[in-house]
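In what follows, chains are A, B, ... by sequence order, proteins preceding strands, each numbered from 1.
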Number of protein chains: 2
Amino acid sequence: MDRYKNIGLKLTPQRLAILDFLEGNTTHPSAEEIFAAVSDRFPTMSFATVYNTLETLKEKGAVIELTGDPRKKRFDPNTAPHHHLICIRCRRIADVQVDYKIDLPRSSRMGFEITGNHIEFYGVCPACRKGGPEKTGSGVQTAGEESHEN
Amino acid sequence: MDRYKNIGLKLTPQRLAILDFLEGNTTHPSAEEIFAAVSDRFPTMSFATVYNTLETLKEKGAVIELTGDPRKKRFDPNTAPHHHLICIRCRRIADVQVDYKIDLPRSSRMGFEITGNHIEFYGVCPACRKGGPEKTGSGVQTAGEESHEN
DNA sequence: CAATTAGGTTAGAATAATTATAAAGAGATG
DNA sequence: CATCTCTTTATAATTATTCTAACCTAATTG
Ligand SMILES: [Mn+2]
Ligand SMILES: [Mn+2]
Ligand SMILES: [Zn+2]
Ligand SMILES: [Zn+2]
């Protein structure tokens with residue numbers, strides 16, 4: 001939490017509540033989930049404040065926004081480079097700390113200046129394998145979900 | 001186009017128009033863009049039909065849905081495993097045909113059964129480098145955009 | 001201390017994307 | 001033709017996100 005003292009932000013109670021909820025959280029929550037968790041300890045919290053704060057934190061580099069769940073934005077307080085493992089049934093997202101050296105050859109860069117990369121692994125989580133959760137109706141079919149093994 | 005004859009679908013004019021637009025299209029268009037392109041040759045086309053068709057094609061495995069643009073879903077008629085290069089300014093998405101062997105060690109699988117993977121490379125496209133497009137306001141800061149080089 | 005200022009929070013309205021509903025159309029079948 | 005099934009359409013409803021304008025609050029100034 002001390003890590004936030006120097007990001008050039010006024011640390012208001014609301015922001016602290018959000019940061020506190022995010023701190024060490026590896027569930028990659030959505031704005032909605034953050035709002036739910038924080039507003040119950042902090043009943044005056046507004047949805048706008050959650051979005052405002054997340055936007056600000058994003059700009060300051062204190063959180064990153066994840067794609068991978070096409071239904072909503074999700075946020076990650078872990079800003080160190082890492083990859084993700086996504087359940088194609090319930091969209092649970094787990095961290096992958098393995099380091100990969102993936103370099104895009106200049107000939108494949110299409111003139112882009114490369115700034116980074118991110119791997120999404122797809123799979124079925126333990127709960128969903130047991131006919132479990134699957135909050136998502138029929139599952140969201142996304143790129144790579146049926147790539148060949150490597 | 002013949003490839004669609006055997007996907008077990010009634011090939012209605014609307015579906016053919018959509019498939020025709022998608023065929024060989026490497027721009028990874030959104031539903032909106034598909035609707036715009038198709039409805040002008042086919043004025044009675046409904047937005048619902050675009051979504052219905054895309055959903056059906058997705059189920060049949062004829063298109064895949066891309067994440068990576070947090071603002072809207074985008075679709076790819078190229079269902080062969082491949083990766084993508086995304087402009088962090090304008091969200092243009094280009095194909096990456098390079099093949100990577102990325103294996104997730106069993107110890108990092110968290111009990112998931114892995115079904116595939118997908119790499120997103122981030123960068124700035126040629127147009128945006130020249131202070132060009134950048135239809136997106138301040139750019140969407142997303143996971144991996146500032147990973148270290150590998 | 002009163003007045004200003006800048007930034008933050010709030011409720012609620014407004015947008016944008018997507019999904020759901022129900023009526024109408026079109027083709028195949030008997 | 002009557003019926004069945006699938007498709008399309010218009011429109012309403014939902015969901016997620018962003019915008020707006022009023023209100024607060026802490027710090028600063030005179
Ligand atoms: Mn993470
Ligand atoms: Mn592609
Ligand atoms: Zn799951
Ligand atoms: Zn660009």
Side-chain angles (χ1 to χ4, degrees), chain A residues 4 7-21 28-60 62-63 65-75 91 135-142, chain B residues 4 7-19 21 28-36 38-60 62-63 65-75 91 135-142:
Chain A
Y4 298 120
I7 58 181
L9 266 193
K10 191 181 287 189
L11 289 182
T12 64
Q14 292 86 343
R15 285 179 175 172
L16 282 170
I18 292 175
L19 285 169
D20 181 51
F21 173 68
H28 309 93
S30 63
E32 179 196 21
E33 287 161 340
I34 295 168
F35 174 74
V38 170
S39 71
D40 101 87
R41 280 192 215 167
F42 209 119
T44 78
M45 172 78 55
S46 158
F47 229 120
T49 296
V50 174
Y51 277 108
N52 286 343
T53 299
L54 288 170
E55 178 61 28
T56 305
L57 291 176
K58 222 167 61 180
E59 281 165 9
K60 296 290 183 182
V63 304
E65 178 186 325
L66 299 185
T67 59
D69 185 344
R71 296 171 309 178
K72 52 187 137 227
K73 295 178 177 176
R74 296 175 60 163
F75 299 87
R91 290 287 146 177
K135 294 181 186 178
T136 301
S138 50
V140 184
Q141 151 77 1
T142 316
Chain B
Y4 298 120
I7 58 180
L9 266 193
K10 191 179 287 185
L11 289 182
T12 64
Q14 291 86 342
R15 285 180 176 170
L16 281 170
I18 292 175
L19 285 169
F21 173 68
H28 310 93
S30 64
E32 180 197 20
E33 288 161 340
I34 295 169
F35 174 74
V38 169
S39 71
D40 100 88
R41 281 191 213 167
F42 208 120
T44 79
M45 172 77 57
S46 158
F47 225 122
T49 295
V50 174
Y51 277 109
N52 286 342
T53 299
L54 287 170
E55 179 60 26
T56 305
L57 292 176
K58 219 166 64 179
E59 282 165 9
K60 297 291 183 182
V63 304
E65 178 184 326
L66 300 185
T67 58
D69 185 343
R71 297 170 308 178
K72 52 187 136 220
K73 295 178 177 176
R74 296 175 59 164
F75 298 88
R91 289 287 147 179
K135 295 183 183 177
T136 301
S138 50
V140 185
Q141 150 78 2
T142 315

Could you pull out every donor-acceptor pair under 3.5 Å between side chains of residues 43-54 of chain A and any protein atom, sequence neighbours left out?
{"residue": "A:Ser46", "atom": "OG", "partner": "A:Ala48", "partner atom": "N", "Å": "3.0"}
{"residue": "A:Asn52", "atom": "ND2", "partner": "A:Ala48", "partner atom": "O", "Å": "3.3"}
{"residue": "A:Thr53", "atom": "OG1", "partner": "A:Thr49", "partner atom": "O", "Å": "2.8"}

What is the separation between atom [atom1] on [X] and atom [atom2] on [N], rounded to the nearest whole Å?
| X | N | atom1 | atom2 | answer |
| --- | --- | --- | --- | --- |
| B:Leu9 | D:dT7 | CG | P | 7 Å |
| B:Leu11 | D:dC6 | CG | C1' | 13 Å |
| B:Phe35 | D:dT8 | CZ | P | 14 Å |
| A:Leu66 | D:dA16 | CG | P | 17 Å |
| B:Asp69 | D:dA16 | CG | P | 18 Å |

Checking side-chain contact (heavy atoms from CB on, under 4.5 Å) for the pair A:Leu66/B:Thr67: CA distance, chi angles, key distance, verdict? CA-CA 10 Å; A:Leu66 299 185; B:Thr67 58; over 6 Å; no
Given protein heavy atoms under 4.0 Å, the one-letter contact record of nucleotides 10-19 of chain C, with B base, S sugar-phosphate only and - none, is simply BB-----SBB
Report, as a single string ordered 5' to 3', how protein heavy atoms within less than 4.0 Å touch nucleotides 25-30 of chain C: B base, S sugar-phosphate only, - not at all. ------
Please check if the side chain of A:Glu59 supplies one atom and the backbone of A:Thr56 the other of a donor-acceptor pair under 3.5 Å. no
When you measure from the side chain of A:Arg91 to the backbone of A:Asp69, do you find a donor-acceptor pair of N or O atoms at a distance under 3.5 Å?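 Such a contact is absent between A:Arg91 side chain and A:Asp69 backbone.
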Rounded distance [0.5 Å steps], NE2 in A:His28 versus CD in A:Glu33: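 It is 11.5 Å, given to the nearest 0.5 Å.
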Could you give the distance from CD1 (B:Ile34) to CG (B:Leu19), rounded to the nearest 0.5 Å? 10.0 Å
Pairing residues for B:Phe21 by the ring-ring contact (aromatic ring centres under 6.0 Å, His included) criterion, not counting sequence neighbours: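 Residues passing ring-ring contact (aromatic ring centres under 6.0 Å, His included) with B:Phe21: none at all.
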If I compare all heavy atoms of A:Phe75 with all of A:Lys58, which pair ends up nearest, and what's the gap? CE2-CD, 4.4 Å
Could you pull out all residues at least two apart from A:Lys72 that satisfy salt bridge (charged side-chain N to carboxylate O under 4.0 Å, His left out)? A:Glu32
At how many degrees, to 10°, do the end axes of the helix from C:dC1-D:dG30 to C:dG30-D:dC1 meet when each uses five pairs?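 Rounded value for the end-axis angle: 10°.
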